[in-house]
Number of protein chains: 2
Amino acid sequence: MTTSRKSQCLDAIRHQILSLALPPGSDLDEAKLGAEFGMSRTPLREVLQKLAGEGFVNITQNKGAKVVSMDMAMMRSFFQTAPLIYANIARLACENRSLPQLKALKISQQHFKMATRNNDSAQAAMHNHQFHHIIGDMSQNCYLIPSLQRMLIDHTRLSQTFYRPASPAESALVRQACEQHDQMIAAIENRHAEVAVDLTLQHWALSQDRMERFVRPDPLPVELASPKETANAI
Amino acid sequence: MTTSRKSQCLDAIRHQILSLALPPGSDLDEAKLGAEFGMSRTPLREVLQKLAGEGFVNITQNKGAKVVSMDMAMMRSFFQTAPLIYANIARLACENRSLPQLKALKISQQHFKMATRNNDSAQAAMHNHQFHHIIGDMSQNCYLIPSLQRMLIDHTRLSQTFYRPASPAESALVRQACEQHDQMIAAIENRHAEVAVDLTLQHWALSQDRMERFVRPDPLPVELASPKETANAI
DNA sequence: TGTATGCAATATGTATACAATATAAGGCAG
DNA sequence: CTGCCTTATATTGTATACATATTGCATACA
């Protein structure tokens with residue numbers, strides 16, 4: 001199909017932005033991307049326009065497209081707004097979910113579980129993204145969905161390290177997140193709105209802690225490096 | 001300036017959609033619009049892409065752009081979601097408003113007041129749109145703003161009759177809305193978040209009633225037309 | 001008469017060439 | 001040597017021509 005080239009390109013760029021392969025603020029060169037995906041600049045520019053509409057990039061007149069930044073102001077808004085959006089999306093998902101969507105959610109969760117068990121952190125992050133995206137679809141609320149999608153972009157970018165746990169305690173958190181997904185599916189299936197909202201807020205609290213640490217990591221040890229290590233340095 | 005042609009076109013189409021000159025569901029022909037605005041199809045397509053990103057139109061592959069519809073599902077979501085978004089935007093506006101924005105808001109309100117006094121309903125609706133749009137800017141919350149803007153599109157479209165009052169009682173409602181704007185400005189200026197939220201919810205309740213009547217108008221009188229009128233018909 | 005099929009007309013999608021704008025380098029004056 | 005202006009280069013914006021897809025109509029057949 002000739003039209004799939006554009007959507008393929010769209011997916012590829014989205015993926016690169018979510019995985020931080022294209023870091024926040026990076027420039028997207030039309031000519032270069034056009035060559036990369038084997039299409040002329042005209043359709044590629046339309047892809048960038050679409051990505052701008054979805055909140056993945058910012059386009060400035062005569063300056064091209066840049067991956068949306070993750071500055072202080074954004075972070076602040078992010079942590080401030082996420083519970084509001086997530087909780088209300090969850091509530092609406094209970095009301096409006098369809099059976100095909102429920103099935104898609106279960107499949108997505110299977111993929112997610114698989115990725116976490118294989119310690120495939122990149123895949124886990126992407127499947128987690130998809131999981132919450134489907135819950136957004138379930139809400140069937142065309143006003144909240146744009147907000148949710150923008151939140152998910154930054155959520156996924158911020159949580160890139162979440163599924164790459166460094167300690168057993170952190171592995172336990174990932175397992176807990178996975179269990180919460182299962183419980184959320186059950187709540188949505190049974191239309192238990194209050195339960196779903198509650199779970200969503202717990203789920204948020206879990207990842208919030210980890211994300212804030214990604215932004216503001218633990219300080220390095222104050223002691224100087226040991227003599228041996230210093231010897232090998234540079 | 002050469003670049004302003006595109007933004008001019010953008011504004012024109014936005015205005016036509018908000019004023020229902022382009023009714024929901026209507027088709028946007030690229031070639032026709034291109035000729036109308038004196039530009040080729042390439043930049044015009046980019047305008048349509050941008051409008052799609054803002055929620056004014058829907059673009060379907062190989063089928064072009066249509067003005068977003070106002071169907072049942074949308075309405076339901078609209079009335080369900082508006083208080084949530086408006087209230088939180090108002091709260092954030094109190095926290096984050098800048099002085100230039102405050103000034104812009106006051107000017108916008110002057111224009112609004114003028115339009116209502118002149119019974120210029122079209123202008124009133126547009127200035128009301130701008131007023132709430134500025135409050136959105138004040139929130140400085142990049143996650144909620146897309147939701148707000150989508151709400152405002154439909155709010156403005158639904159309220160086209162609001163400022164065209166048919167009775168003295170309805171004129172009083174418009175005056176009350178205008179007063180609420182003044183009070184909202186004061187609350188935002190003085191950072192009284194709770195007051196602003198409260199006013200916003202009252203403001204919403206006021207227009208909600210009128211809008212629902214626009215959607216579901218009072219039934220026509222059951223009695224047949226009088227003989228005299230019948231004689232003149234067709 | 002109803003339906004299916006193929007063709008024509010129209011509209012959208014893409015490629016390429018050219019124009020305008022921004023960025024960076026280099027030269028000149030102070 | 002520094003600051004600014006000029007010019008060269010790279011990148012984005014626009015127009016046009018062509019390719020492809022959809023839609024409607026006409027015609028043929030059941």
Side-chain angles (χ1 to χ4, degrees), chain A residues 1-17 20-69 71 142 153, chain B residues 1-17 20-69 71 142 153:
Chain A
M1 207 200 282
T2 172
T3 177
S4 76
R5 222 173 17 171
K6 238 161 84 167
S7 68
Q8 197 178 331
C9 167
L10 213 54
D11 283 337
I13 298 179
R14 278 201 206 101
H15 189 283
Q16 287 179 24
I17 292 175
L20 297 178
L22 284 171
S26 57
D27 239 325
L28 298 180
D29 184 358
E30 295 175 1
K32 218 178 72 183
L33 286 171
E36 187 176 327
F37 291 99
M39 61 207 303
S40 79
R41 280 178 50 224
T42 310
L44 192 118
R45 279 169 68 86
E46 301 203 344
V47 165
L48 294 179
Q49 295 275 350
K50 186 133 195 264
L51 288 171
E54 293 172 355
F56 283 89
V57 305
N58 279 328
I59 294 178
T60 316
Q61 188 73 249
N62 294 323
K63 293 217 191 162
K66 276 190 197 308
V67 176
V68 288
S69 67
D71 54 19
C142 60
I153 292 170
Chain B
M1 206 198 284
T2 172
T3 177
S4 76
R5 219 173 21 169
K6 238 161 86 168
S7 68
Q8 197 177 332
C9 168
L10 214 53
D11 284 337
I13 297 179
R14 277 201 207 101
H15 190 283
Q16 287 178 26
I17 292 175
L20 297 179
L22 283 171
S26 56
D27 239 324
L28 298 180
D29 184 357
E30 296 174 2
K32 218 177 74 182
L33 287 172
E36 186 177 328
F37 290 99
M39 62 209 301
S40 79
R41 279 177 52 223
T42 310
L44 192 116
R45 278 170 68 88
E46 301 203 346
V47 166
L48 293 179
Q49 295 275 350
K50 185 133 196 265
L51 289 171
E54 293 172 355
F56 283 89
V57 304
N58 279 329
I59 295 179
T60 316
Q61 188 74 250
N62 294 322
K63 293 219 190 158
K66 275 190 197 308
V67 176
V68 289
S69 67
D71 52 21
C142 60
I153 292 171

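The sequence lines fix the lettering, A, B, ..., with proteins before strands; numbering per chain opens at 1.
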For [X] and [Y], work out which heavy atoms get closest and say how close.
X       : Y       : value
A/Ala21 : A/Pro23 : O-CD, 3.3 Å
A/Leu48 : A/Glu30 : CD1-CG, 4.0 Å
A/Ala65 : A/Ile59 : CB-CG1, 3.9 Å
B/Ser69 : B/Pro24 : CA-CB, 3.9 Å
A/Lys6  : A/Pro43 : CD-CB, 3.8 Å
B/Val57 : B/Leu28 : CG1-CD1, 3.6 Å

Interatomic spacing from CG in B/Asp29 to CG in B/Asp27 - rounded to 0.5 Å: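 Here the interatomic distance stands at 7.5 Å.
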Rounding to an integer number of Å, can you tell me how far [X] [atom1] sits from [N] [atom2]?
X       : N      : atom1 : atom2 : value
A/Gln49 : D/dT14 : CD    : C1'   : 13 Å
B/Arg5  : C/dA19 : CZ    : C1'   : 12 Å
B/Lys6  : C/dA19 : NZ    : P     : 18 Å
A/Leu44 : C/dA15 : CG    : P     : 10 Å
B/Phe37 : D/dT14 : CZ    : P     : 15 Å
A/Leu48 : D/dT11 : CG    : P     : 15 Å
B/Gln8  : D/dT14 : CD    : P     : 13 Å

Any side-chain heavy atom of B/Val68 sitting closer than 4.5 Å to one from B/Phe56?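 No, their side chains stay 4.5 Å or more apart.
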How far apart are the C-alpha atoms of B/Ile13 and B/Cys9, what are their side-chain angles, what is the distance that settles it, and do they pass the side-chain contact (heavy atoms from CB on, under 4.5 Å) test? CA-CA 6 Å; B/Ile13 297 179; B/Cys9 168; 3.9 Å; yes
Reckon A/Thr42 has a side-chain N or O less than 4.0 Å from the OP1 or OP2 of C/dT14?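 So the side chain of A/Thr42 is outside the cut-off, no N or O lying under 4.0 Å from OP1 or OP2 of C/dT14.
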Distances under 3.5 Å between protein N/O atoms and the N/O atoms of nucleotides 6-12 of chain C, please, pair by pair.
residue: C/dT12; atom: OP2; partner: B/Asp29; partner atom: OD1; Å: 3.3

Using five pairs at each end of the helix from C/dT1-D/dA30 to C/dG30-D/dC1 to define an axis, what is the angle between those two axes, to 10°?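 End-to-end axis angle: 10°.
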